[in-house]
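In what follows, chains are A, B, ... by sequence order, proteins preceding strands, each numbered from 1.
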Number of protein chains: 2
Amino acid sequence: MAIAERGARPARVKDVARLAGVSVGTVSNVLNGRRSVGEEVRERVEAAIEELGFVRNATGRALRTGSFPMVGVSVLDLTNPFFMEAAAGMDRRLRQDGFVMALSSTHSDAGEEARTLRTFAGQGVRGVVVSPTDTDLAVAHEIAARGVPVVLFDSPAAPDDMSSILADDRAGAAMAVEHLIGLGHRRILFLNGPEHQRQSRSRLAGVHDGIARSGEEISLSVEELGSFTAMEGRAGVRRLLVGCGLAAPMGTDGISVPARPLTVEGLPEELPTAIFCANDLIAFGAMTALRDAGIRIPEDVSLVGFDDIEMAAQMSVPLTTIAQPTDELGWVAADMLLTEPVTVRHETLMPTLVRRRSTAAPRG
Amino acid sequence: MAIAERGARPARVKDVARLAGVSVGTVSNVLNGRRSVGEEVRERVEAAIEELGFVRNATGRALRTGSFPMVGVSVLDLTNPFFMEAAAGMDRRLRQDGFVMALSSTHSDAGEEARTLRTFAGQGVRGVVVSPTDTDLAVAHEIAARGVPVVLFDSPAAPDDMSSILADDRAGAAMAVEHLIGLGHRRILFLNGPEHQRQSRSRLAGVHDGIARSGEEISLSVEELGSFTAMEGRAGVRRLLVGCGLAAPMGTDGISVPARPLTVEGLPEELPTAIFCANDLIAFGAMTALRDAGIRIPEDVSLVGFDDIEMAAQMSVPLTTIAQPTDELGWVAADMLLTEPVTVRHETLMPTLVRRRSTAAPRG
DNA sequence: CTGAAAGCGCTTACAG
DNA sequence: CTGAAAGCGCTTACAG
């Protein structure tokens with residue numbers, strides 16, 4: 001049996017009006033509290049609504065008012081914990097106003113992003129929050145020009161027709177490096193994400209800031225990974241260890257080779273005493289690779305992440321990291337689209353250092 | 001400047017019709033390919049659409065056709081990797097048909113779930129997929145009766161007005177236990193989720209199936225955790241270790257106390273040789289706690305998870321686990337709502353064992 | 001093959 | 001304070 005055939009036709013304003021003995025305009029007025037309605041009439045209408053189980057049809061309303069109670073959210077990857085924690089914050093804010101969150105993943109593909117944004121616009125969303133694939137904001141500008149408010153998420157301010165919100169990555173990265181330098185580290189590796197992503201560039205700048213500000217002589221090496229993932233972090237550290245003769249090359253099956261036993265005295269000079277990872281997922285992979293090689297955290301190598309996703313506190317060595325105010329970032333992004341009048345705004349939130357157990361003074 | 005004031009008014013069918021010199025009905029016909037339209041006329045209309053950058057307004061369309069190109073998805077927790085990987089599968093299927101996914105988290109609260117479902121229904125969604133909070137499906141039935149197709153996700157078949165899709169948890173759990181018994185394990189701990197969740201009960205039944213089928217004498221202990229999280233898994237193993245005298249109690253700050261050194265001979269008899277965790281997150285926490293105590297995986301204790309979330313392969317010891325066809329589960333759930341005619345269907349998919357490095361023959 | 005008209009469910013000036 | 005009517009953008013019988 002086809003589902004569509006089931007079920008009683010739901011009640012409409014017209015049905016409510018008839019039952020209450022008033023006009024549909026009056027029903028609408030009590031629904032919206034727009035004009036003063038007589039006490040007695042209001043009660044009759046409310047009783048009718050109750051009796052019929054009437055739920056206002058959002059489509060009809062949207063057609064009239066021009067906007068559907070929905071906000072579109074376009075993210076790069078649905079399975080990225082940082083985005084999802086931010087999405088949870090947006091959801092919280094949107095629910096307050098009875099809005100719905102339309103969520104779609106672009107898989108970092110600009111074409112998919114364009115499709116998604118246009119679909120949202122065609123559906124009369126109240127606004128769109130987009131974590132942009134790259135710096136080409138053409139389609140975002142296009143829908144903004146069509147009157148759809150957009151907020152750029154985790155992205156810097158763009159020319160005046162769109163809002164933006166992000167954490168200060170540069171300052172956060174500087175904090176991480178200053179923390180390490182403060183502990184006494186002088187040989188530091190920065191495992192960065194791909195350079196074409198804005199976050200990578202900002203965090204690298206912050207690393208240099210931190211070093212400059214410390215006034216210390218720091219030996220810094222930077223490795224650019226292909227993505228912000230655990231797999232890349234693991235492979236990156238593995239390459240480093242192979243280079244130092246501390247591990248055999250990765251098996252072709254992608255499963256790492258068991259570590260050789262290792263004594264502390266055996267750690268070569270080239271090995272950094274601290275690794276700063278551009279996000280927690282990279283740090284997670286790095287931790288695995290270090291552990292495979294029998295290198296202890298933080299005794300042999302200190303590790304710092306970025307984001308403070310939920311998992312960070314649960315890792316086998318709880319991770320010291322730069323915490324983004326992730327939930328708040330999401331909440332504010334949604335709020336920018338809901339509080340009237342909707343204007344172009346730019347917000348930068350401050351990250352904070354969260355000390356856990358993966359950092360300590362360097363060995364030796 | 002308020003954003004709402006910006007931008008040119010977007011083109012409507014009327015504008016296209018005027019430019020092409022035809023009626024709006026004809027424009028609609030070429031848009032929907034419903035009736036044969038003259039070749040020359042079609043070209044004129046298409047040119048006009050192109051020139052005006054016309055995008056069909058989904059709200060007007062929805063009001064007329066009765067359904068908005070959107071599917072509502074209600075999950076228990078937006079930051080749960082299993083749900084998000086499933087949501088990615090739904091998103092993939094929905095995008096194919098230009099549908100949008102409205103995603104909302106109920107935080108396992110029945111009241112929130114009711115609100116979410118009613119909101120979706122009021123928005124004229126094509127259908128709803130819901131991962132139900134508990135066994136009270138009253139509101140799901142309510143919207144089904146109002147004509148909104150619903151599919152129960154990760155939930156068993158309900159009485160005939162709703163579709164359902166899930167993996168066979170019971171069979172999966174049996175596989176896990178049979179794998180361990182096959183390796184020679186006879187003392188097994190099952191770290192289960194809360195008993196009020198259907199998954200926990202099914203997986204426990206599967207554990208018993210596996211033991212019964214093996215014909216071996218197995219010493220099984222079962223510990224029920226408060227939730228399917230890493231934190232709970234970690235705490236559960238920690239309690240076990242404290243009970244065996246292998247670890248100091250957890251510090252009040254929630255940070256575990258450093259492990260005491262431990263020799264293999266020192267492992268007490270009461271310690272299970274294998275732990276089966278009701279999901280990968282629990283296994284992740286268990287791994288951390290074991291590592292803290294200096295217990296090796298798999299040499300001292302074997303560990304099996306459930307779900308095969310992305311992280312499973314990246315853990316410090318890559319996790320042997322029962323893989324749910326998560327993406328497919330999501331894809332099929334969405335497909336059930338999109339392929340016409342929409343009928344009530346029930347699907348059960350089979351999980352599979354994925355062997356990685358966290359299981360081996362027992363010590364001794 | 002094409003057009004004119006009705007209508008989906010709601011909100012909002014406009015009269016009264 | 002309340003009602004009648006117009007109209008948001010589209011689709012679809014119904015005529016021609």
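At whole-Å resolution of the value, CZ in Arg61(B) and C1' in dT12(D) are 12 Å apart. Counting to the nearest Å, the C1' atom of dC10(D) and the CG atom of Leu31(B) are 9 Å from each other. Atom CG in Asp15(B) sits about 9 Å away from atom P in dG9(D), given to the nearest Å. Distance, Ile49(A) CD1 to dC10(C) C1': 13 Å, rounded to whole Å. Here dT11(C) presents its P atom at 9 Å from CG of Asn29(A), a figure rounded to the nearest Å. Distance CD (Gln123(B)) to P (dC10(C)): 13 Å, rounded to an integer number of Å. One atom, CG of Asn32(B), and another, C1' of dT11(D), lie 7 Å apart when rounded to the nearest Å. Distance CZ (Arg44(B)) to P (dT2(C)): 8 Å, rounded to an integer number of Å.
Closest to the Asn57(A) side chain, of the nucleotides dG3(D), dG9(C), dG3(C), is dG9(C). For Ser23(B), taking side-chain heavy atoms from C-beta onward, the closest of the listed nucleotides dT11(D), dT2(D), dA4(C) is dA4(C). Taking only side-chain atoms of Val41(B), from C-beta outward, the nucleotide of dT2(D), dT2(C), dC10(C) with the closest atom is dT2(C).
Note that CZ of Arg61(B) is 13.0 Å distant from OG1 of Thr59(A), once rounded to the nearest 0.5 Å. Going from atom CE of Met101(A) over to atom OG of Ser104(B) covers 6.5 Å, rounded to the nearest 0.5 Å.
Contact annotation: the side chain of Arg95(B) approaches that of Glu112(A) to within less than 4.5 Å [non-hydrogen atoms, C-beta and beyond].
Closest non-hydrogen pair, Ser155(A) versus Ser164(A), comes out as O-CB, 3.7 Å. When all heavy atoms of Met336(A) and Ser163(A) are compared, the pair lying nearest together is SD-CB, 4.0 Å.
A donor-acceptor contact closer than 3.5 angstrom is absent between the side chains of Thr116(A) and Thr119(A). Under the 3.5 Å distance criterion, with hydrogens and angles disregarded, no donor-acceptor pair is assigned to the side chains of His107(B) and Asp77(B).
Scanning residues 63-70 of chain A for heavy-atom distances under 4.0 Å to DNA chain D yields Leu63(A), Arg64(A).
The side chain of Thr26(B) places an N or O atom within less than 4.0 Å of a non-bridging phosphate oxygen (OP1 or OP2) of dG3(C).
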- Applying salt bridge (charged side-chain N to carboxylate O under 4.0 Å, His left out), run through Arg44(A) and Glu46(A) and close with a yes or a no. CA-CA 5 Å; Arg44(A) 272 199 341 256; Glu46(A) 278 164 355; over 6 Å; no

- Task: Kindly express the pairing pattern of DNA chain D in dot-bracket notation, using | wherever a base pairs with another strand and counting only Watson-Crick or G-U pairs under 3.5 Å.
- Result: |||.||||||||.|||

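The ring-ring contact (aromatic ring centres under 6.0 Å, His included) check on Phe68(A) picks up Phe68(B), with sequence neighbours excluded.
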